Novice: 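Next up is a structure, given as C-alpha cells.
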Amino acid sequence: MSKPTGFMDYKRVENGNVPPLERLTNFKEFHPKLDEKARREQAARCMNCGVPMCGSALKLKGMVTGCPLHNFIPEWNDALYNGQFDMAAWRLLKTSSFPEFTGRVCPALCEKACNCGSPVVSEGPVTVHDNELFIIEKAFETGYMKPQIPAKRSGKKVAVIGSGPSGLAVADWLNRRGHNVTIFEREDKAGGLLMYGIPNMKLEKNIIERRVQLMKAEGVEFVFNADVGRGASADHILNEFDAVALCCGAKKARPLNAAGIDTKGVLFAVDFLTRVTKCVISTSEALDKISMQPTNGQIAQMLSERYGIEVEGKNVIIVGGGDTGNDCCGSSIRLGAASVTQIEMMPCPPVERAKDNPWPEWPKTLKVDYGAEESIAKFGHDPRIYETTVKEVISENGHITAVKTIEVEFQTIDGKRQLVERAGTEKTLPCDLLLVAAGFVGCEEYTANAFGVELGPRGTVQETNNPKIFTAGDMHRGQSLVVWAIAEGRECAKEIDDYLMGEAQ
C-alpha cells in the first residue's frame, strides 16, 4: 500500500453524470471520466486489506458478496496509484477477461463488500468500478492491448454457441491456450445481450466491436447469422469439433399473466431493447458516412417504420422494476414517450439497510437508477409504482389502449408464499405500449434440444449427457449478471481445456 492514509486523505469521487435533461437528447454514454490525477487519488484510497472482501466472492445466506472473478483489486489499485499503468492492466487482465464491459455495466459487487465502506471505517467504498474502467481504457489508449497470438496451436477445435459474455470468455480463454475456437452467433453482431440487450447509453457498441476485432486478430473465428438448432446443424458441429460450449443465455422471457395480453402494443422488454439498439446502430452507420449523429427522432421514426413500434407521444407502461425495466424507461423517454410508468409487484425497498441485511451483503436498499432519475427530471415524478401488477389489458381495434392494475402483496398461506390481490384497489391507466420486463424463465429450448441436453426445473441446462458438450453463463446459471457470465465462461473454458488435453495425452 503506497499511501496508508489515502482513504482518509481523499474523499470518494465517482465518475460524473451528464445532467438528465441534457443526456436525454441522445443515446450516448453519459459518464464523464475523472482526469488521471484524480483517478490515481481514488486508487490511493484502497487500504490493501489483510482480507480484501472486494475480491473474495463469499457466500453469505445463499447470496454472494464480492467479485465472482476474484480480481486482484488491491494490487491493481496500488499500481494505478503509482502510475504503473501497464502493471495495473496486467494484474487486472489476469482474472478479468473484459474489464471494458464490467467497468461499464457491472453493479460493482466488489464495492458493496469493500472494507473502506464498512460500518467500522465508514469512509465510502473505493471506486473499484471506475478504477477498473480507467485501467483498461488506458491500456487500449497506450497500445498495451495488442493481439496475443498463441505461439503454438493444439490442433483441437472448439465450437462456442452464443457470443454473449460467457461465450466470449470461453473463446478468449481457450484461444489463449492454443485451441482453435469458432463462435456461432445467431445475430448479425457479437455480444449477445451486451450488444442487443443493454442500451447504447450504458455500453456503446463500438466498445464490443473493438474487443471482437482484437479476438479475431488473435485467431478466434466468428460465424454470424448461424442459428444453431434451426438453420445451423448441431450434428454437423458435433462431428466437426472436439468440444462444444453452449452459451446461449437465458432469453426465454417470463410471460405476464393478464387478461387480454395477446394484442398489439404488448412487447417483451428484451425484444423492445433489441429493436431499439438495431435502429440506433443502423441510423448511426448511415449518418456516419456524412459525419452526422442520429437524432432521437430519427431513431424513433426508424423504429416505427421497421418494426411498427410507436413510442413518440405515447403512454408507456413497463412491468418490472429491475435493470431491464430501468433500461426500457430510459430508452422510452429518449424516444419521446409522453409518459412512462414502471410497475413493480415487490414492496418499495428501505432507504437504509435492514438489520437482517448487514454489510458486506449486497444492500437491498432503494436506489434511483438513471432511468428513474431521467423520468423525475422529465416528468417531475418517480415512474415506479410498487406492490402493483397488471390484471387486464384493454384494447380497441386490436391495439392496447389501457391497462387495469391492482395492488398486490405476498402472504403466507398454508405454509406457502403467495401473491394476493388487495380488493378494491383497481385502477385504469392509459397505455399505448406495454413492455414486459418480468425476468426470464431459462434458455430457449431448441438449441438445447438439438444437442440432446437436459433442462432442469429452472429452464437451464442440468446435464449434457455427452462428455464433449459443456455449458456456461445464464444458460447454466439462470438470469444473472455480466460478471457472473464471464466468471462462468472462464471456469467452463478450464474444464474444456482439461478435457481436451487429457484426451490428447
Side-chain angles (χ1 to χ4, degrees), residues 55 67-72 75-76 79 85-103 132 135-140 142-185 190-192 194 207-223 240-247 468-473 476 482-505:
C67 180
L69 290 169
H70 306 288
N71 282 335
F72 304 142
E75 291 189 33
W76 45 257
F85 301 128
D86 287 357
M87 171 69 78
W90 174 56
R91 299 311 288 158
L92 173 59
L93 291 164
K94 186 72 175 177
T95 56
S96 181
S97 299
F98 313 116
E100 68 270 35
F101 302 157
T102 51
E132 172 187 17
I135 291 169
I136 189 61
E137 289 300 327
K138 190 74 171 180
F140 275 106
T142 60
Y144 179 85
M145 294 298 291
K146 299 182 179 70
Q148 301 294 319
I149 302 170
K152 184 179 179 181
R153 290 289 179 181
S154 68
K156 296 292 183 179
K157 296 168 61 179
V158 181
V160 179
I161 316 302
S163 68
S166 64
L168 291 176
V170 170
D172 179 66
W173 203 95
L174 288 175
N175 180 69
R176 293 173 188 273
R177 289 288 291 165
H179 305 302
N180 296 299
V181 183
T182 302
I183 298 179
F184 293 86
E185 168 57 49
L194 288 171
I207 301 299
I208 303 169
E209 186 60 28
R210 180 179 64 183
R211 176 60 71 164
V212 169
Q213 292 305 317
L214 182 62
M215 291 178 69
K216 286 181 177 180
E218 292 173 335
V220 177
E221 294 186 23
F222 288 81
V223 180
E240 288 292 317
F241 291 86
D242 300 295
V244 177
L246 301 181
C247 305
K468 71 188 294 185
I469 300 178
F470 299 78
T471 188
H476 169 246
V482 168
V483 68
W484 269 111
I486 295 172
E488 286 234 340
R490 291 172 66 92
E491 290 302 313
C492 178
K494 293 173 186 176
E495 294 292 329
I496 293 173
D497 183 56
D498 288 344
Y499 167 76
L500 293 176
M501 301 315 289
E503 184 184 69
Q505 295 168 4

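Because the structure is a prediction, the values reported are computed rather than measured.
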Novice: Working to the nearest 0.5 angstrom, can you tell me the gap between Thr471 OG1 and Glu488 CD?
Specialist: 8.0 Å
Novice: Among Leu168, Val223, Val158, whose side-chain contact (heavy atoms from CB on, under 4.5 Å) with Ile183 holds?
Specialist: Leu168
Novice: Look up atom SG in Cys67 and atom CD in Glu132, then write down how far apart they are to the nearest 0.5 Å.
Specialist: 7.5 Å
Novice: May I ask you to establish whether Arg211 and Phe98 are in a cation-pi arrangement, using a distance under 6.0 Å from NZ or CZ to the six-membered ring centre and at most 45° from the ring axis?
Specialist: no
Novice: How long is the gap from CD on Glu100 to CZ on Arg210, to the nearest 0.5 Å?
Specialist: 5.5 Å
Novice: Would you tabulate the side-chain donor-acceptor contacts of residues 489-496 under 3.5 Å, counting partners in other chains and residues two or more places apart, or write 'none'?
Specialist:
from, atom 1, to, atom 2, distance (Å)
Arg490, NE, Thr95, O, 3.2
Arg490, NH1, Ser97, OG, 2.9
Arg490, NH2, Lys94, O, 3.0
Glu491, OE2, Lys494, NZ, 3.4

Novice: Who are the side-chain contact (heavy atoms from CB on, under 4.5 Å) partners of Lys138, not counting sequence neighbours?
Specialist: Glu36, Phe85, Phe134, Glu141, Thr142
Novice: Measuring from Asn180:CG to Phe241:CZ, what's the distance to the nearest 0.5 Å?
Specialist: 9.0 Å
Novice: Do Arg176 and Glu218 have side-chain heavy atoms sitting under 4.5 Å apart?
Specialist: yes
Novice: Taking only residues two or more places apart in sequence or in another chain, which ones pass side-chain contact (heavy atoms from CB on, under 4.5 Å) with Gln213?
Specialist: Glu209, Lys216
Novice: Measure the CH2-CG distance between Trp76 and Leu93 for me, rounded to the nearest 0.5 Å.
Specialist: 10.5 Å
Novice: With a 4.5 Å limit on heavy-atom distance, are the side chains of Asp172 and Val220 in contact?
Specialist: no
Novice: Under the ring-ring contact (aromatic ring centres under 6.0 Å, His included) rule, collect the residues that match up with Phe72, sequence neighbours excluded.
Specialist: none
Novice: Would a 4.5 Å heavy-atom cut-off, applied to side chains only, mark Leu214 and Gln148 as touching?
Specialist: no
Novice: For the backbone of Met215 and the side chain of Asn175, can you confirm whether one donor and one acceptor N or O come within less than 3.5 Å of each other?
Specialist: no
Novice: With sequence neighbours excluded, tell me which residues meet side chain to side chain donor-acceptor pair (under 3.5 Å) with Asp497.
Specialist: Arg177, His179
Novice: Just how far is it from atom CG of Asn71 to atom OG of Ser96, taken to the nearest 0.5 Å?
Specialist: 5.0 Å
Novice: Please name all residues satisfying salt bridge (charged side-chain N to carboxylate O under 4.0 Å, His left out) with Glu75, sequence neighbours left out, ordered by chain then number.
Specialist: Arg91
Novice: Taking the side chain from Ser166 and the backbone from Ile486, do they hold a donor-acceptor pair closer than 3.5 Å?
Specialist: no
Novice: Could you tell me if the side chain of Cys247 sits less than 4.5 Å from the side chain of Ile161, heavy atoms only?
Specialist: no
Novice: Indicate yes or no: does Glu221 engage Lys157 in a salt bridge with an N to O separation below 4.0 Å.
Specialist: no
